[in-house]
Amino acid sequence: MSTTRRARSVLGIRPFRRLWAVTYLCSVADWLAMLGLTGLVTKYTDDYLLQNFAFVGVVLTQLLPGLLFAPLGGLLADRFDRRKVMICADLARFALLFSIPIVGSPIWLFVANFMAGSAAMMWIPSKDAAVPNLLRRPDQVETANQLGLFMTYGLAVVSGAGLYSVLTGVQTTLGISPDAFGEFGVANAVVFINALLYLASAILIATRIPELSLRNVHPVPASTAAQDTASSGDGSDEDNVGFIAMVRQSFSYIRRTKLVRGLLIGMMGAFAAGGAVIGAAKPYSSSLGGGDSSFGLLFVAVFVGAAAGLAMVPKLARRLPHDRLFGVGIVLAGLALIVVALSPHLAVSLVAAAAVGACAGAGFLTGVTIIGSQIDDSMRGRINAIYQSLLKIIIFGSTAMVPVLIGLVQPHKVTVWGNELIIDGTRPVLLGGGLLAALVGVIAYRQMDSRRTEPILADLRNVMRRRPRRVNGLLIALEGTTDTDTGTQAARLADALRTGERDVVLATDPALDDERLQDIVSGASLSSARAQALAAAAVRADIVERDIRPALDSGAVVVMERFVDSPLAHLSAVAGLDASELEGLADWATARLRPDLAVLLDTDPAATTADGGADGSSAGPQHWRVQQLLTEMASADPQHYVVVDADGSPDDVADRIHTAVQCALAGKIPGLSSRRRKSGRENGSEAQDPAGAQDAAGVEGRTDGAAEVSAAGETDPSDTDPSERARQGTAS
């Protein structure tokens, strides 16, 4: 789904759309307050020094509450009704800002601004923690966060600055006398309008978004790491827990939950590196010899890169899990920052700065998404608050320290490639920030990674090749011309693998059984082949989402009969439908999920038809055609297919299949080797057994170009794009 379609689907949810509008009002008010209060405080004094301090004072009094009271906002969000907390915070901001022009004191302006910032720290954690409960599905959290960041740091900035320019420029534009509105008339009007925006937000939340009071709409799946400790404080009795106990629960939760611990560690390193960039940006641009224009270009490059990173996260998350994407993003941001530190030319610095912004933006959005989708609702507000508090504390501290560190190094001029560069303290500071971010990213990755059995390089190759990410488990499909053979042998293979470290799941689909599919189709009054293909695809999509993907994500081995290729060959040969169209339908229904290993039962169509073992739909020439198409698919993809001689007794065929699976996956899939040894001893079919060895040698198929299975297991599920298999097979 494109970014636009995903955004439309999320904005189609009425409660979220209304909260998005409220976020717009509050964000515009925040930016307008920064500009409006700065303009007003300069009117209160004629002292040049105090006027220069005005903007810094307003910013600091808005920043300090985040350093002091953000954790308290998280406690309120998890303890009380989040909707009521947001209403009270907005009313407090309205009253405080409305009082500033009335009191007319610069001291009260800074005090009221500080208290309004404290109220904002109560509002933000409640809003962030409530967002996932407004969505239809947990996978929409990522898009919701994208829309929120776009609103807060994009549209609201432009709107706030534009509104301030219009309000302050009315008097000059219309030629109105300066005395018409009084000495502070326009400046006071800006602050009054600012306060009314917060009042409008409170009214909308109170009357139009009752859903903000919802809790735990999408419980965190039991398979996530955070769920193991989500109930550390007996969330069912949360209302009776005091604030001190909630604080202890928060730190205990962070200490015992690797996902959250890795998230916070990674963001601490990323924020420290970000502070180093902010503090060193201006002197670094001067060292490049480009003047003030180079500073502007670097500023633009970082933010353009950040926007690109935010936009790319949903596509990357389809190929790389969020916990891995977070760590990889921070590591790459650190490495790009090292390139910035060592850059000899402005052009190199611009590209590297854009890369820093892209990786940092991707890491930031991924971190927020993890909090919204994988942290239990009872802890979400506190984790959001800690996240916001760390953001402000670390960036504030690192930004303040960087100028001191830069001053410790005396500037030196060097010539690189004919260009004169100034090597000053900015280079070591940026280099240290990059190394710190890369190191912390590695630590965060090791803490959070839930796919230890899957090599990270395979996931990174999937990102490069634009493939969907592989899941934790293993999917084995049995393909053949008749559902009787594949169903029986799939059950036998699942039984043979049900010992050892991994769970084994036998997936069956009524749409893959021709007789049962006919019952479904006839009940729905579907007669055309295309309608039947759509019905089969719908049922297959349902079982993939309901049974197969959850089992794979939990690390299980899934054995499936006639997954995609057999139905595709059957509909193509029997119903005469176009193979490429059917392949596209299958890709859509299964979200391009393909087996890690497909076992083709190679039967003699003439013998099967003579014995009456084939179903009526596959008899005669059609049976031959189905077998031919399956054979071509196996020939086109020997790395993912093994062909087994399926003539003989069911016990003999089961032994051959088991041996073939052992050989194909030997040493490739962790957690299967011990199971295969146990199964071999129990069934008397060890690989070194002469009969077993003979079966393994006979697993070659009677097809041209089909893969012969060797004990070396020359199979790498990540090497060939599985979505190309059916297309290549049909073409051949």
Side-chain angles (χ1 to χ4, degrees), residues 3 146 149-150 153-154 266-285 287-288 290 293-317 319-320 322 324-369 395 398 402 416-417 419 421 426-445 456-457 459-466:
T3 301
Q146 278 184 303
L149 292 172
F150 168 74
Y153 298 103
M267 292 314 299
M268 288 172 63
F271 293 153
V277 172
I278 294 172
K282 187 64 175 69
Y284 172 78
S285 63
S287 72
L288 292 173
S293 61
S294 62
F295 174 69
L297 291 174
L298 288 170
F299 186 85
V300 171
V302 170
F303 278 89
V304 169
L310 294 175
M312 290 190 302
V313 166
K315 293 182 179 180
L316 293 175
R319 308 178 188 110
L320 200 65
H322 281 106
R324 284 192 163 182
L325 180 58
F326 177 78
V328 170
I330 294 178
V331 171
L332 293 179
L335 296 178
L337 188 56
I338 293 175
V339 175
V340 173
L342 302 177
S343 170
H345 194 273
L346 177 61
V348 178
S349 298
L350 290 175
V351 175
V356 171
C359 296
F364 182 82
L365 178 57
T366 303
V368 175
T369 301
I395 288 184
S398 59
V402 163
V416 179
W417 297 343
N419 297 319
L421 294 178
T426 59
R427 304 281 179 160
V429 167
L430 293 177
L431 183 61
L435 291 173
L436 175 64
L439 176 62
V440 170
V442 172
I443 296 174
Y445 166 78
I456 182 63
L457 293 179
D459 274 343
L460 293 178
R461 284 200 301 268
N462 289 337
V463 173
M464 297 288 189
R465 300 173 184 177
R466 299 184 179 181

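Residue indices begin at 1 and follow the sequence shown.
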Trainee: Less than 4.5 Å apart, side chain to side chain, heavy atoms only: is that true for Val440 and Met268?
Mentor: no
Trainee: Looking only at heavy atoms, which two atoms of Ala336 and Ala355 are closest? And how far apart?
Mentor: CB-CB, 3.9 Å
Trainee: Which pair of non-hydrogen atoms, one from Cys359 and one from Gly329, has the smallest distance, and what is that distance?
Mentor: CB-O, 3.3 Å
Trainee: What closest approach, in Å, do Ala437 and Ile330 show between heavy atoms, and which atom pair accounts for it?
Mentor: O-CG2, 3.4 Å
Trainee: Quick one: pull up CZ in Phe364 and OG1 in Thr369 and give me the separation to the nearest 0.5 Å.
Mentor: 10.0 Å
Trainee: Roughly how far apart are Leu435 CG and Leu439 CG, rounded to 0.5 Å?
Mentor: 8.5 Å
Trainee: Roughly how far, to the nearest 0.5 Å, is the CG atom of Leu342 from the CG atom of Leu337?
Mentor: 9.5 Å
Trainee: Which pair of heavy atoms, one from Ala360 and one from Ala333, lies closest together, and at what distance?
Mentor: N-CB, 4.1 Å
Trainee: Looking only at heavy atoms, which two atoms of Val313 and Ala362 are closest? And how far apart?
Mentor: CG2-CA, 3.5 Å
Trainee: Starting from the C-alpha separation in whole Å, work towards a yes-or-no answer on side chain to side chain contact (heavy atoms under 4.5 Å, CB included) for Val356 and Val302.
Mentor: CA-CA 7 Å; Val356 171; Val302 170; 5.7 Å; no
Trainee: Write out all pairs satisfying side-chain hydrogen bond (donor to acceptor under 3.5 Å, both in side chains) with one or both partners inside residues 347-357, taking only residues at least two apart or from two chains.
Mentor: Tyr284-Ser349, Ser343-Ser349
Trainee: Please give me the minimum heavy-atom distance between Thr366 and His322, naming the atom from each residue.
Mentor: CG2-O, 3.3 Å
